[in-house]
Amino acid sequence: MDPQISMKGGETLNKSSKEQIVAELSEKLASAKAAFLADYRGLNVEQVDKLRGELRGAGVEYRVVKNTLLKLAAKGTSCECLSDHLAGPTAIAIAGADPVAPAKILSEFAKTNKTFALKVGSLNGNLLELAQIEALAELPSREVLLAKVLGSLNAPATNFVGVLAAIPRSLVQVLAAIQDKKAA
């Protein structure tokens, strides 16, 4: 006999459906760099669709999942630290590559929608409190950081080339001054 869970709208999940959801979530959480939990109570469908669209554009998956299924899926992953914070209505945003982009989007959304509240996050297995998520959101994007690193790495080579180019230029100037002195 398959135990069933009643979902909103009369939809039910049987044991095999729940196992499939847990397996899918576990796979996504295992490969995630970051995940963020939020309380979505009070949001209307239009607001949720807007948030989901912004996150999708940043390569982030946003889902509402039963806490018990999310706890099972998080076991053995870097997001297991989130398990103690799974209470009440919970949505999860799973970031694959860039953890800064979803932190920015979720923080901004929380500022403009007072009913939406970020709970906690996970970054490479470390639990992030709300203040740490906001600090993460203040960081420049991955592309900007990479450009700064590249600029820093490129600066010594550029300076070295400038010094090497200055040596012949100085020599030419000295020879021109000697020629001018002999001509006078």
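Predicted, not measured: the structure shown is a model, and the values here were computed from it.
- With sequence neighbours excluded, no residue satisfies ring-ring contact (aromatic ring centres under 6.0 Å, His included) with Tyr62.
- For residues 102-122, every residue pair satisfying the ring pair (Phe, Tyr, Trp, His ring centres under 6.0 Å) rule, not counting sequence neighbours, is listed here: Phe109-Phe116.
- In this structure Lys71 satisfies the salt bridge (charged side-chain N to carboxylate O under 4.0 Å, His left out) test with no other residue, sequence neighbours excluded.
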task = Could you walk me through whether Leu25 and Ile21 pass the side-chain contact (heavy atoms from CB on, under 4.5 Å) test, one step at a time?
result = CA-CA 6 Å; Leu25 274 173; Ile21 290 170; 4.0 Å; yes
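- Pairing each heavy atom of Ala91 with each of Val64, the nearest pair is CB-CG2, 4.1 Å.
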task = Test Leu70 against Ile92 for side-chain contact (heavy atoms from CB on, under 4.5 Å), laying out the working first.
result = CA-CA 9 Å; Leu70 194 51; Ile92 186 166; 4.0 Å; yes
Which side-chain N or O atoms in residues 130-139 pair as donor and acceptor under 3.5 Å with protein atoms at least two apart or in another chain?
{"unit_1": "Gln132", "atom_1": "OE1", "unit_2": "Glu129", "atom_2": "N", "d": "2.7"}

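- Membership of the apolar cluster around Ile178 extends to Val174, as traced through chained side-chain contacts below 4.5 Å between ILVMFWY residues.
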query = Do Glu46 and Asp49 pass the side-chain contact (heavy atoms from CB on, under 4.5 Å) test, and can you show the C-alpha distance, the side-chain angles, and the key distance before you say yes or no?
reply = CA-CA 5 Å; Glu46 184 180 306; Asp49 285 344; 5.8 Å; no
Atom pairs and distances, side-chain donor-acceptor, residues 28-39, under 3.5 Å, sequence neighbours left out:
{"unit_1": "Lys28", "atom_1": "NZ", "unit_2": "Glu24", "atom_2": "OE2", "d": "3.2"}
{"unit_1": "Lys28", "atom_1": "NZ", "unit_2": "Glu61", "atom_2": "OE1", "d": "2.6"}
{"unit_1": "Lys28", "atom_1": "NZ", "unit_2": "Glu61", "atom_2": "OE2", "d": "3.2"}
{"unit_1": "Ser31", "atom_1": "OG", "unit_2": "Glu27", "atom_2": "O", "d": "3.4"}
{"unit_1": "Ser31", "atom_1": "OG", "unit_2": "Lys28", "atom_2": "O", "d": "3.3"}
{"unit_1": "Asp39", "atom_1": "OD1", "unit_2": "Arg41", "atom_2": "N", "d": "3.0"}
{"unit_1": "Asp39", "atom_1": "OD1", "unit_2": "Arg41", "atom_2": "NE", "d": "3.3"}
{"unit_1": "Asp39", "atom_1": "OD2", "unit_2": "Arg41", "atom_2": "NE", "d": "3.2"}
{"unit_1": "Asp39", "atom_1": "OD2", "unit_2": "Arg41", "atom_2": "NH2", "d": "2.7"}

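- Residues Ser26 and Thr77 meet the side-chain proximity criterion, which asks for heavy atoms closer than 4.5 Å.
- Sorted by first and then second residue, the pairs that involve residues 81-95 and meet side chain to side chain donor-acceptor pair (under 3.5 Å), not counting sequence neighbours, are Asn67-Thr90, Thr90-Lys119.
- Considering all non-hydrogen atoms of both residues, Ala95 and Pro102 come closest at CB-CG, 3.6 Å.
- For Ala101, the side-chain contact (heavy atoms from CB on, under 4.5 Å) partners are Ala58, Asp98, not counting sequence neighbours.
- A 4.5 Å side-chain heavy-atom check between Leu106 and Leu51 finds at least one atom pair inside the cut-off.
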task = Could you give me the CA-CA distance, side-chain angles and deciding distance for Arg52 and Val48, then say whether side-chain contact (heavy atoms from CB on, under 4.5 Å) is met?
result = CA-CA 6 Å; Arg52 189 172 272 131; Val48 171; 3.8 Å; yes
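- For residues 102-113, the set of pairs meeting the side chain to side chain donor-acceptor pair (under 3.5 Å) definition, not counting sequence neighbours, comprises Gln47-Asn113.
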